[in-house]
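Small disclaimer: the values here were computed from a predicted structure and weren't measured. If you read the sequence from its start, that first residue is 1, and numbering goes on from there.
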Amino acid sequence: MINLFQPQVGAEELNAIADVFEDRWLGHGPRTKAFEAAFAAHLGVDAEHVVFLNSGTAGLFLALESLDLAQGDEVVLPSLSFVAAANAILTTGATPVFCDVDARTLNPTAEDVERALTDRTRAVVVLHYGGYPGEVARIAELCRERGVTLVEDAACSVASRVDGLAVGTFGDLAMWSFDAMKVLITGDGGMIYAKDAERAARVRRLAYHGLVQPSGFGYAKVSARWWELDVPEPGRRVIGNDMTAAIGAVQLRRLPELVGRRREIVALYDRELADTEGLLLPPPLPEGHESTYYFYWVQMDPRIRDAVAGDLLAADIYTTFRYAPLHKVPAYAHGAPEFGLPGSDWAADRTLCLPLHPGLSDADVLTVVAALRKSVAERTAEVTA
């Protein structure tokens, strides 16, 4: 099977885990702190503003929780988002309000976001589709003008930048995912960033039971009774640990190599699929934009999309569509807003994500290309006969 995603780990990551075992401390400790510092340097921010977590989803929930939302508040997000973002909004008591996306980039424009804003909007959660930054700078400016908090769902955008600035640092809060299907992987894990120092400190507390000062092995004695707890508000335990942080530190060092290979694969797809009748490829990146290249998507006649996916699966090539439109998910039955989501609906019917990971050889990519071209031609002939 040519997989959609495949983690790239090896001897260096295994050696890092062995070092953790040798130290006999697997939990939250010095390696976690070192990974946070290295990731903060990668973003160009202070280390106290980032917290390593057990998942990117935990980052979304913490980000929304830190806003103290209530029933009647609204949070805008694109319908083409992972369900965790909408779930995080709903659990605060606020209402998710879906905005549209550009049908070709699958990223919301500033106009899409603005159309969904009301006097009840407290926050915007913007996804960077497939690692492509989209109009994040314009959306951040819009949110500042309207006094709305911007949360960046940068789950797939660990290496994305606009004019040299890291995606995730444009808004007020951001999170990244390091699960086994992402670009930088720790098995399971994530990172959260808060621009405001006070909010960052609160997020760190909420991530670890609400504790003002963690206790345990590896932490300095903080009082004559270091076992006593200072918990100003309840939290939960969603922190990362030294074992996963050790993997993450290696992966972060390898990030240029991993993203570089993804870029090569995208260029090969672009070249080999160019001028394929009936197939649209991802639009080129705007000047100054750098992508993590998490997804490579193609778009085709909606009458053949599902059949093409089935043909590729029969040829041991796994494809998918991400993300299913949330305005059609039963949990969010209030559905599309009155202004409609035509870009989201158009893209959801036509888009297919192809295999993209550094483990693919050029021969693998050419196998995907040949199977895709054949299937599109045959299925198109069937529906137009």
Side-chain angles (χ1 to χ4, degrees), residues 3-17 19 31-47 49-50 52 56 128-134 136-137 152-170 174-193 240 244-271 282 284-296 353-362 364-365:
N3 294 319
L4 189 72
F5 306 119
Q6 190 167 294
Q8 302 301 302
V9 291
E12 195 174 355
E13 286 84 357
L14 277 174
N15 289 338
I17 295 173
D19 289 342
R31 284 182 172 82
T32 301
K33 187 173 182 179
F35 182 41
E36 289 175 347
F39 194 79
H42 166 68
L43 297 177
V45 302
D46 189 90
H49 290 252
V50 300
F52 182 43
H128 308 293
Y129 187 81
Y132 290 68
V136 62
E152 293 184 65
D153 181 349
C156 341
S157 305
V158 69
S160 303
R161 294 180 181 271
V162 177
D163 296 330
L165 297 177
V167 162
T169 63
F170 285 84
M175 49 70 61
W176 293 262
S177 175
F178 305 146
D179 70 35
M181 296 187 295
K182 294 301 188 297
V183 177
L184 185 162
I185 69 102
T186 60
D188 268 313
M191 197 76 75
I192 185 170
Y193 162 73
T244 52
I247 299 171
V250 173
Q251 288 271 299
L252 185 58
R253 290 196 297 271
R254 295 182 58 200
L255 189 59
E257 159 209 338
L258 298 172
V259 174
R261 178 54 186 159
R262 286 175 172 271
R263 187 183 301 111
E264 291 173 355
I265 293 168
V266 166
L268 185 54
Y269 273 137
D270 281 346
R271 185 172 71 247
L285 281 166
E287 185 176 355
H289 285 219
E290 300 172 40
S291 177
T292 304
Y293 301 105
Y294 184 57
F295 290 150
Y296 187 90
C353 298
L354 303 184
L356 177 55
H357 58 80
L360 293 171
S361 66
D362 285 1
D364 291 330
V365 176

request  = Before giving the answer on side chain to side chain contact (heavy atoms under 4.5 Å, CB included), spell out for Met175 and Met191 the whole-Å C-alpha distance, their side-chain angles and the decisive distance to 0.1 Å.
outcome  = CA-CA 5 Å; Met175 49 70 61; Met191 197 76 75; over 6 Å; no
inquiry  = Going by side-chain hydrogen bond (donor to acceptor under 3.5 Å, both in side chains), name the residues that satisfy it together with Asp270, two or more places apart in sequence or in a different chain.
reply    = Tyr296
ask   = Does Glu257 have any side chain to side chain contact (heavy atoms under 4.5 Å, CB included) partners at least two apart in sequence or in another chain, and if so, which?
value = Arg254
key: All salt bridge (charged side-chain N to carboxylate O under 4.0 Å, His left out) counterparts of Asp188, not counting sequence neighbours   = none
task = Kindly write out the residues that satisfy salt bridge (charged side-chain N to carboxylate O under 4.0 Å, His left out) with Arg261, not counting sequence neighbours, or none if the list is empty.
result = Glu264, Asp362
ask   = With sequence neighbours left out, what residues match Arg263 under salt bridge (charged side-chain N to carboxylate O under 4.0 Å, His left out)?
value = none
message = Give me the atom names and distance for the closest heavy-atom approach of Leu255 to Ala159.
response = CD2-CB, 4.1 Å
message = Could you check whether any side-chain heavy atom of Glu152 comes within less than 4.5 Å of a side-chain heavy atom of Val136, counting everything from C-beta outward?
response = yes
task = Show your working on side chain to side chain contact (heavy atoms under 4.5 Å, CB included) between Thr244 and Phe35 and close with a plain yes or no.
result = CA-CA 10 Å; Thr244 52; Phe35 182 41; over 6 Å; no
key: Partners passing side-chain hydrogen bond (donor to acceptor under 3.5 Å, both in side chains) against Gln6 (at least two apart in sequence or in another chain)   = Asn3
ask   = Looking only at atom types and distance, does a side-chain atom of Thr186 sit under 3.5 Å from a main-chain N or O of Ile247, one as donor and one as acceptor?
value = no
ask   = Run the side chain to side chain contact (heavy atoms under 4.5 Å, CB included) check on Arg31 and Asp19 step by step: do they pass?
value = CA-CA 11 Å; Arg31 284 182 172 82; Asp19 289 342; 3.7 Å; yes
task = Could you list the residues that satisfy salt bridge (charged side-chain N to carboxylate O under 4.0 Å, His left out) with Asp364, not counting sequence neighbours?
result = none
message = Quick test of your reading: applying salt bridge (charged side-chain N to carboxylate O under 4.0 Å, His left out), list the pairs with at least one residue in residues 37-47, sequence neighbours left out, ordered by first then second residue.
response = none
inquiry  = Just to verify, what does Thr32 make a side chain to side chain contact (heavy atoms under 4.5 Å, CB included) with, not counting sequence neighbours?
reply    = His28, Glu36, Phe52, Asp242, Ala245
message = Using a 3.5 Å distance criterion without hydrogens, assess whether the side chain of Gln251 forms a donor-acceptor pair with backbone atoms of Gln8.
response = yes
message = Give me the atom names and distance for the closest heavy-atom approach of Trp176 to Ile192.
response = CZ3-C, 4.5 Å
key: Minimum heavy-atom distance Lys182-Ser177, with the two atoms named   = CG-O, 3.4 Å
Determine all donor-acceptor pairs shorter than 3.5 Å in which one atom belongs to a side chain in residues 284-291; sequence neighbours excluded.
residue	atom	partner	partner atom	Å
Ser291	OG	Gly131	O	3.2
Ser291	OG	Tyr293	N	2.8

task = State which residue, out of Thr292, Leu252, Leu258, fulfils the side-chain contact (heavy atoms from CB on, under 4.5 Å) condition with Leu184.
result = Leu252
Under 3.5 Å donor-acceptor pairs involving side-chain atoms of residues 161-169, not counting sequence neighbours:
residue	atom	partner	partner atom	Å
Arg161	NH1	Gly164	O	3.1
Arg161	NH2	His42	O	2.6
Thr169	OG1	Ala166	O	2.6

message = Angle between ring planes, Phe5 versus Tyr294, binned at 30° and 60°: parallel, tilted or perpendicular?
response = parallel
ask   = How would you list, by chain and number, every residue that makes a ring pair (Phe, Tyr, Trp, His ring centres under 6.0 Å) with Tyr129, sequence neighbours excluded?
value = Phe295, Trp297
